[in-house]
Amino acid sequence: MTAGPLVLEHLDNLVDKAREATSMLLDAKTHEVAFVGSTSHGMFAAAQALSPQSGTVLVPRNDFPANTYPWIRAAERGGLAVRWIDGPVTAESVREALDSSVKAVAVSAVDAGTGFLAPLARIKEIIGNDRILAVDAVQAFGAVPFDVEAADILSAGGQKWLRAGWGAAALLVRDRVADKLLPGLGGWSGVVDPLGPEALPHPTLPGALAHTVTNPDSIAVASYGAAVDLVNATGLNEINAAIRGNLDLLLEAVLEAGGEIRNPSPQSGIATFRMPGVDPAELFARLENAGVHSTRRGDWIRLSPHATTSQASVEMLSESLASLGLARSR
């Protein structure tokens with residue numbers, strides 16, 4: 001097919017289908033979902049939508065930077081002042097930091113470093129309907145059941161569990177908070193009749209589209225939609241069960257080799273481990289050389305298998321850890 005109006009129409013239809021599929025997985029109305037370029041983009045949209053106003057936002061100090069810098073930059077420009085809380089973010093830590101100045105709480109559904117699954121429903125219950133809960137969900141979306149209905153604003157890219165590649169992220173903005181937000185990053189794609197003759201600025205569109213800068217990458221969104229279709233067809237709980245089973249096998253191999261594990265939320269599919277007496281940099285390099293792709297977080301190695309991770313990966317990890325023991329005995 002050559003490029004032309006029919007191709008553009010086809011891509012637009014794929015974007016519409018992706019919105020429908022994504023809104024189903026998010027338990028949202030279709031107009032509450034839009035697409036942006038990345039999780040970071042979505043969190044910046046959230047931070048700017050709450051600016052400028054007085055008050056504070058609670059942000060986990062040790063969270064992944066995609067959920068810290070949007071709020072830092074907004075605060076530098078007259079937005080909500082950042083009040084750091086230590087992670088993992090629990091209902092109790094939010095309650096302790098809460099006062100009348102707090103207008104919003106920013107949190108990751110799953111902590112990228114530890115795999116801790118945030119109790120979003122409890123957090124939302126504690127902060128109440130007058131405050132906004134903004135959620136970075138990239139480490140959960142498509143693989144981990146979480147309290148999605150508690151999120152007032154949510155952003156989740158497709159490059160993690162969805163395996164949809166880079167370039168597209170869902171942005172959820174619930175109707176219940178629309179009157180508390182400004183279109184802080186809203187561009188021409190977020191207004192009514194952007195090329196019309198009316199005086200600027202044009203009225204903003206309803207829903208999440210009001211917070212988009214421009215049209216999304218249609219091909220990236222189509223990939224995102226195909227991945228979400230697969231999740232909807234397979235079942236989120238079934239995918240999570242497979243991930244948990246694979247993680248259990250990997251952690252068993254670690255324990256058999258004498259390792260120490262941290263697995264605060266088994267359902268998140270993420271756990272970390274270390275080998276006593278083994279330099280973490282050496283351990284990480286040895287795993288990489290053996291074909292075991294992990295992530296190093298300080299002294300800990302993070303494991304996050306997919307539903308399709310094979311037994312061969314478990315055997316590779318086991319053999320790599322066994323070889324460390326042999327190397328130490330020489």
Side-chain angles (χ1 to χ4, degrees), residues 26 32-89 93-94 97-98 101-113 116 118 120 123-124 127 131-141 146 148 150-160 166-174 177-178 180-187 189-190 204 207-214 216-217 220 224:
L26 286 171
E32 293 179 318
V33 175
F35 290 101
V36 292
S38 65
T39 306
S40 292
H41 183 161
M43 297 310 293
F44 265 97
Q48 294 299 323
L50 286 162
S51 301
Q53 62 173 297
S54 60
T56 58
V57 54
L58 303 182
V59 183
R61 188 193 313 273
N62 55 345
D63 208 344
F64 192 82
N67 195 33
T68 56
Y69 279 95
W71 307 100
I72 291 171
R73 298 306 181 213
E76 291 172 346
R77 292 159 177 79
L80 296 173
V82 173
R83 179 180 300 169
W84 300 111
I85 55 177
D86 292 325
V89 179
S93 64
V94 170
L98 205 60
S101 74
V102 175
K103 300 295 191 297
V105 176
V107 64
S108 290
V110 170
D111 181 77
F116 177 78
L120 299 181
I123 291 172
K124 181 59 182 175
I127 68 174
R131 298 183 178 94
I132 288 176
L133 181 60
V135 178
D136 175 340
V138 71
Q139 291 288 356
F141 193 59
F146 66 100
V148 64
D152 297 312
I153 304 174
L154 178 149
S155 184
Q159 78 277 13
K160 298 290 185 180
W166 298 88
L171 173 63
L172 167 70
V173 180
R174 301 277 187 193
V177 298
K180 298 181 175 66
L181 307 176
L182 296 173
L185 289 185
S189 60
T204 57
L209 283 172
H211 304 277
T212 62
V213 174
T214 186
D217 180 336
Y224 194 103

Could you grab the distance from atom [atom1] of [X] to atom [atom2] of [Y], nearest 0.5 Å is fine?
X: Leu172; Y: Glu32; atom1: CG; atom2: CD; value: 6.0 Å
X: Arg83; Y: Leu98; atom1: CZ; atom2: CG; value: 8.5 Å
X: Ile85; Y: Asp63; atom1: CD1; atom2: CG; value: 9.5 Å
X: Gln48; Y: Arg77; atom1: CD; atom2: CZ; value: 7.0 Å

Quiz item: Which residue, Leu182, Ile153, Val173, forms the side chain to side chain contact (heavy atoms under 4.5 Å, CB included) with His211?
Solution: Val173
Non-hydrogen atoms of [X] and [Y] that approach each other most closely:
X: Ser38; Y: Ala169; value: C-CB, 3.3 Å
X: Thr68; Y: Pro60; value: CG2-O, 3.7 Å
X: Thr204; Y: Pro183; value: CG2-CG, 3.6 Å
X: Ala112; Y: Gln139; value: CB-NE2, 3.7 Å
X: Leu171; Y: Gly42; value: CD1-O, 3.9 Å
X: Ser155; Y: Met43; value: CB-SD, 3.9 Å

So do the side chains of [X] and [Y] get within less than 4.5 Å of each other, counting heavy atoms only?
X: Val89; Y: Leu58; answer: no
X: Phe141; Y: Val148; answer: no
X: Val94; Y: Ile127; answer: yes
X: Pro88; Y: Asp111; answer: no

Quiz item: Taking only residues two or more places apart in sequence, or in another chain, which ones meet Thr56 in a side-chain hydrogen bond (donor to acceptor under 3.5 Å, both in side chains)?
Solution: Ser101
Quiz prompt | Set of residues satisfying side-chain hydrogen bond (donor to acceptor under 3.5 Å, both in side chains) with respect to Thr39, sequence neighbours excluded | solution = none
Quiz item: Short question: side chain of Arg131, backbone of Val105 - any donor-acceptor pair under 3.5 Å?
Solution: no
Quiz item: Within the distance-only criterion (no hydrogens, no angle test), does the side chain of Asp152 pair as donor or acceptor with the backbone N or O of Leu133 below 3.5 angstrom?
Solution: yes
Quiz item: Who are the side chain to side chain contact (heavy atoms under 4.5 Å, CB included) partners of Ala109, not counting sequence neighbours?
Solution: Leu120, Val135, Ala137, Ala140, Phe146
Practice problem: Look at the aromatic rings of Tyr224 and Phe35 and report parallel, tilted or perpendicular, splitting at 30° and 60°. | Solution: perpendicular
Quiz item: Would Leu185 and Val36 satisfy side chain to side chain contact (heavy atoms under 4.5 Å, CB included), going step by step from the backbone distance to the final call?
Solution: CA-CA 11 Å; Leu185 289 185; Val36 292; over 6 Å; no
Self-check item: Heavy-atom neighbours of Trp166 CH2 exceed 12 at 6.0 Å
Solution: no
